Visitor: 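Have a look at the structure that comes next, please.
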Amino acid sequence: MSLSVLSQKSLSLFAAVGGWRTVVEGAASRVLFLVAYLVTDQVSTSALVAVGGVVGFAAARMFTDRKYWQAGVGLFVVGASAVLAGSTGRAVDFYLPAVFMQAAGGAVFLVSILVRWPMIGLAVGAARGERFGWRRDPARRRRYQVCTAVFLAKYGIATMVLVPLYLTGKVTSLGIAATLLGGAPAMGVCIYLCWRILRAQADPTNPTPAPAVIGPNR
């Protein structure tokens, strides 16, 4: 499946959180901080560079897409990272919010699976405007459970990798891992796998695939 086709049939969940732009913007601040720190060896300067980059992305988003809350979330996260690193003077602390976000995300997704209210089902139901209608279909509920488990695995792996790197103070390795596992690459893999799962496991007795696919209605 080509990237263009995948983009055209992107998940409603993915579109609801801003699509690739949101994911890339989140990773950009981590890359900017790491590059600036390797060049300057100054935590405060590197934090300002990261904040400045995200401010530029946020301004572009607000003027082009009018998506203010998504821009605000990105600014809040990078702002918190910059303040934390600047206050402690430790470069690794810039990535501490990313570590917490992965751990918290894993906890939320795990609980949603255990209580049989999978996060992917909740998000997709809200994005498609059907709310909790999917819960009346056991097959769809199982598929959403599997997709939620995919994201749970991502959060779990990220947490297991990031925590030791943070505790040992390995800034370069932590920055790279946070960008890959907590940013666009890992998110893209999860989204693609979920898209394939929902396509492949569509109910064969139902000739209309729309309820099972979290892409746009045809």
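What you see is a predicted model, and the numbers here were worked out from it, not measured in a lab. This chain uses plain numbering: 1 for the first residue, then up along the sequence. Every heavy atom of this structure was used, including side-chain atoms; hydrogens, water molecules and symmetry mates were not.
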Visitor: Relative to the ring of Tyr37, is the ring of Phe33 parallel (under 30°), tilted (30 to 60°) or perpendicular (over 60°)?
Guide: parallel
Visitor: Working to the nearest 0.5 Å, report the span between CG of Leu162 and CG of Leu174.
Guide: 6.0 Å
Visitor: Measure across Cys190 and Lys154 and return the closest heavy-atom pair with its distance rounded to 0.1 Å.
Guide: SG-CB, 3.4 Å
Visitor: Please round to the nearest 0.5 Å and tell me the distance separating atom CZ of Arg142 and atom CZ of Arg116.
Guide: 10.0 Å
Visitor: Any chance you could measure Phe100, atom CZ, to Tyr166, atom OH, to the nearest 0.5 Å?
Guide: 7.5 Å
Visitor: Treating Ile, Leu, Val, Met, Phe, Trp and Tyr as nodes and any side-chain heavy-atom pair under 4.5 angstrom as an edge, say whether Val78 and Val35 lie in one connected cluster.
Guide: no
Visitor: If you group Ile, Leu, Val, Met, Phe, Trp and Tyr whenever their side-chain heavy atoms sit less than 4.5 Å apart, what else falls in with Val83?
Guide: none
Visitor: Any donor-acceptor pair under 3.5 Å linking the side chain of Ser81 with the backbone of Tyr95?
Guide: no
Visitor: Please report the interatomic distance CZ(Phe151) to CG(Leu110), rounded to the nearest 0.5 Å.
Guide: 15.5 Å
Visitor: Would you say Val51 and Val49 are hydrophobically clustered, going by side-chain heavy atoms of ILVMFWY under 4.5 Å?
Guide: no
Visitor: Rounded to the nearest 0.5 Å, how far does OG1 of Thr148 lie from CD1 of Ile113?
Guide: 5.5 Å
Visitor: Assigning hydrophobic clusters by single linkage (Ile, Leu, Val, Met, Phe, Trp, Tyr; side-chain heavy-atom cutoff under 4.5 Å), is Val111 placed with Ile120?
Guide: yes
Visitor: What closest approach, in Å, do Val43 and Gly86 show between heavy atoms, and which atom pair accounts for it?
Guide: CG1-N, 4.3 Å
Visitor: Do you know the tightest heavy-atom contact between Thr159 and Pro164?
Guide: O-CD, 4.2 Å
Visitor: Consider only side-chain heavy atoms of I, L, V, M, F, W and Y, link residues closer than 4.5 Å, and tell whether Leu48 and Val77 are in one cluster.
Guide: no
Visitor: For the side chain of Trp134 and the backbone of Gly121, is there at least one donor-acceptor N/O pair under 3.5 Å apart?
Guide: yes
Visitor: Give the C-alpha distance, both sets of side-chain angles, the deciding distance and a yes or no for side-chain contact (heavy atoms from CB on, under 4.5 Å) between Trp117 and Arg135.
Guide: CA-CA 8 Å; Trp117 281 81; Arg135 286 190 56 80; 3.3 Å; yes
Visitor: Should Leu34 and Leu84 be regarded as members of a common hydrophobic cluster, given that ILVMFWY residues are connected when their side-chain heavy atoms come within less than 4.5 Å of each other, either directly or indirectly?
Guide: yes
Visitor: Taking all non-hydrogen atoms of both residues, which atom of Ala50 and which atom of Leu32 are closest, and how far apart?
Guide: CA-CB, 4.1 Å
Visitor: If every non-hydrogen atom of Cys147 is compared with every non-hydrogen atom of Cys194, which pair is closest and at what distance?
Guide: CB-SG, 3.4 Å
Visitor: Write down the atom of Tyr144, the atom of Pro118, and the distance for their closest heavy-atom approach.
Guide: O-CB, 3.6 Å
Visitor: Would the distance check show the side chain of Arg30 and the main-chain N or O of Gly175 forming a donor-acceptor pair, the cut-off being under 3.5 Å?
Guide: no
Visitor: Distance check, rounded to the nearest 0.5 Å: Leu165 atom CG versus Leu181 atom CG?
Guide: 9.5 Å
